Trainee: 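Let me give you the structure first, and then I'll get to my questions.
Because the structure is predicted, anything quoted here is derived from the model rather than measured. Values below: all heavy atoms of this structure, side chains included; hydrogens, waters and symmetry mates excluded. Numbers restart at 1 for each chain; the letters A, B, ... are given by sequence-line order, proteins then strands.
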2 protein chains.
Amino acid sequence: MITELYLKGRLRHGLSQEEAEAIDDAIDHVITLEPREKLVTRGEKVEQSYYIIDGSMMRCIDDARGFRQIVGLQVPGDWVDLHSFPMKRLDHDVHALAASRLAVFRHERLQKLIDDRPHLARIMWFSTLLDAAMHREWIFRLGRLNAEGRIAHLICELLERLRLVGRLEESSFPFPLTQQDFAEASGITTTHANRTFRLLRERGLLDHDENTREMTIIDEQSLRELGEFKPDYLYGEGALHLNTAFADKPA
Amino acid sequence: MITELYLKGRLRHGLSQEEAEAIDDAIDHVITLEPREKLVTRGEKVEQSYYIIDGSMMRCIDDARGFRQIVGLQVPGDWVDLHSFPMKRLDHDVHALAASRLAVFRHERLQKLIDDRPHLARIMWFSTLLDAAMHREWIFRLGRLNAEGRIAHLICELLERLRLVGRLEESSFPFPLTQQDFAEASGITTTHANRTFRLLRERGLLDHDENTREMTIIDEQSLRELGEFKPDYLYGEGALHLNTAFADKPA
DNA sequence: CGCTGCATTGAAATATCTCAATCAATGTGG
DNA sequence: CCACATTGATTGAGATATTTCAATGCAGCG
């Protein structure tokens, strides 16, 4: 199954086998992207949405001087821009981070998919609401935390999301973000992001391999405290058993 | 019509008369709130959603020390927490700002409403996506703008949203936010918000009546430049010959 | 080799926060 | 009517966080 990670750890049990297959069948084709390749430009009219099979993407808005604010990061199992299906255009750009493989869904095809299956329409609605919940948490992160907290929170979020879809091996941080990316996602300068990482290193919360350039998370618990990270917003349900809205009626 | 402002200036033309009436008919009852009254608490399980007939609301997340981050503001014509319909609980608190009148929709009733009318389901999906677009713009606002820009941007957004639903008379700012509220929505301290307002006043962009405590917007154009405000993310009709998603198929 | 991209550091400038205090308007109880 | 508490706006002075600008180092790569 190409879309096997969709909502994994969240509502996967709310999808019947038949529905899951119907989603897979609705794929138009699969594309691959180079690292950092641009996929969609703000304002463009779009006719299809993308689902991440493998890789990672970012969504960003540029300021007047051309500096970038990352407004969202997407991992395997996420739709990059499902909201463009109802909206028909995006209010932000979309780029690949790592080399990525995406499933392309034409909106026309999605329309048919949900015409036949109202339950799938609500599943898809639900996944765009998870994005919105993450947006709100990012507003909190930028509005209330200092540089250390912002970076700690972001790391915790990514760890948790990768864990949910089973893409987290060991404790090394498997996400292709440079310090500049962290800065652009955290509303701080690259210089300051660098100094912040040094602080986190000095406190023994994480480490950075000089050679492989890979980050290792040493003390996730302390990072959570520093970033005031509570993962409930990633589930849309708090405890999985609370959400019976969709689990009740698989198909 | 109680919900006559719903999506006004946006997709109102995408709603047929019959659909608009069906929404009104789905109202369970109407409640009123005192200024600053709390409506929903983060994490609570909810069985209904609220639509603002009159008044204004805020959505907020508290930090570890109990300080508040406002993550969203709602005006007449908005749903406060439509996302709780698919999500079943909220990741943030909801409070009234001004005295408000809300229409209450039981989820059960909403379910019936959209079971019969898939087009309405998509309309409601669309309105939660508008919220998400505003969230993204707030991430940009907090991440890339300084205090002046953040406040200017917020003022511009509220002016534009009130204009869209026809609730903007003259140039005075008709929104019951204190300087502390502005601070809590902008990731700055109240003290600094105060100094920022003084700056904006000294530059002649706005004014503040000592007696009535009312703010007057003098130079909206300059505020837009300062806040790098581009209203496209609000998906208003004016900017939106592109959005034909729902206009195509009113019922 | 000499690129290029990314990480790193220093020093000075600036934005913002913290804490403490004052003021004006409003509302309350007596 | 006054005394008093409350709320929101305002200000000052010093501390701190973050930015800016400029420079260096290091690794991979053609």
Trainee: Test: side chain to side chain donor-acceptor pair (under 3.5 Å). Region: residues 180-190 of chain A. Which pairs qualify, not counting sequence neighbours?
Mentor: A:R36-A:D181, A:R141-A:S186, A:T178-A:D181, A:Q180-A:E184
Trainee: Starting at the 5' end of nucleotides 13-22 of chain C, put B wherever the base has a protein heavy atom under 4.0 Å, S where only the sugar-phosphate does, and a dash everywhere else.
Mentor: ---SBBB---
Trainee: Does any pair with a residue in residues 146-165 of chain B pass side chain to side chain donor-acceptor pair (under 3.5 Å), and if so which ones, sequence neighbours excluded?
Mentor: B:D78-B:R161, B:E137-B:H153, B:W138-B:E157, B:E148-B:R203, B:E157-B:R161, B:E157-B:Y233, B:E160-B:R163, B:E160-B:R224, B:R163-B:E220
Trainee: For A:R101, give me all partners under side chain to side chain contact (heavy atoms under 4.5 Å, CB included), at least two apart in sequence or on another chain.
Mentor: A:V30, A:T32, A:I53, A:D54
Trainee: Go through B:L73 and B:L177 one step at a time and tell me if the side-chain contact (heavy atoms from CB on, under 4.5 Å) criterion holds.
Mentor: CA-CA 10 Å; B:L73 295 169; B:L177 291 177; 4.0 Å; yes
Trainee: My understanding is that only residues two or more places apart in sequence, or in another chain, count here; which of them pass side chain to side chain contact (heavy atoms under 4.5 Å, CB included) with A:D62?
Mentor: A:R68, A:D93
Trainee: Kindly write out the residues that satisfy side chain to side chain contact (heavy atoms under 4.5 Å, CB included) with B:E34, not counting sequence neighbours, or none if the list is empty.
Mentor: B:E37
Trainee: Could you tell me which residues satisfy ring-ring contact (aromatic ring centres under 6.0 Å, His included) with A:H135, sequence neighbours excluded, listed by chain and number?
Mentor: none
Trainee: Quick one: list whatever passes ring-ring contact (aromatic ring centres under 6.0 Å, His included) with A:Y51, sequence neighbours left out.
Mentor: A:W79
Trainee: Rounded to 10°, tell me the angle between the two end axes of the helix from C:dC1-D:dG30 to C:dG30-D:dC1, each built from five pairs.
Mentor: 30°
Trainee: Report each atom pair, protein N/O against N/O of nucleotides 4-7 of chain C, whose distance is under 3.5 angstrom.
Mentor:
residue : atom : partner : partner atom : Å
C:dG5   : N2   : A:R213  : NH2          : 3.4
C:dA7   : OP1  : A:Q179  : N            : 3.4
C:dA7   : OP2  : A:Q179  : N            : 2.9

Trainee: Let me know the distance between CG of A:L199 and C1' of D:dT18, rounded to the nearest Å.
Mentor: 13 Å
Trainee: Could you give the CD-to-P distance, from A:E214 to D:dG28, as a whole number of Å?
Mentor: 14 Å
Trainee: OP1 or OP2 of D:dT10 versus the side-chain N and O atoms of B:R198: is any pair under 4.0 Å?
Mentor: no
Trainee: In whole angstrom, give the distance that lies between atom CZ of A:F67 and atom P of D:dT18.
Mentor: 19 Å
Trainee: Quick one: ring-ring contact (aromatic ring centres under 6.0 Å, His included) partners of B:F182, sequence neighbours excluded?
Mentor: B:F197
Trainee: Tell me every residue that passes side chain to side chain contact (heavy atoms under 4.5 Å, CB included) with B:A99, counting only those two or more places apart in sequence or in another chain.
Mentor: B:P35
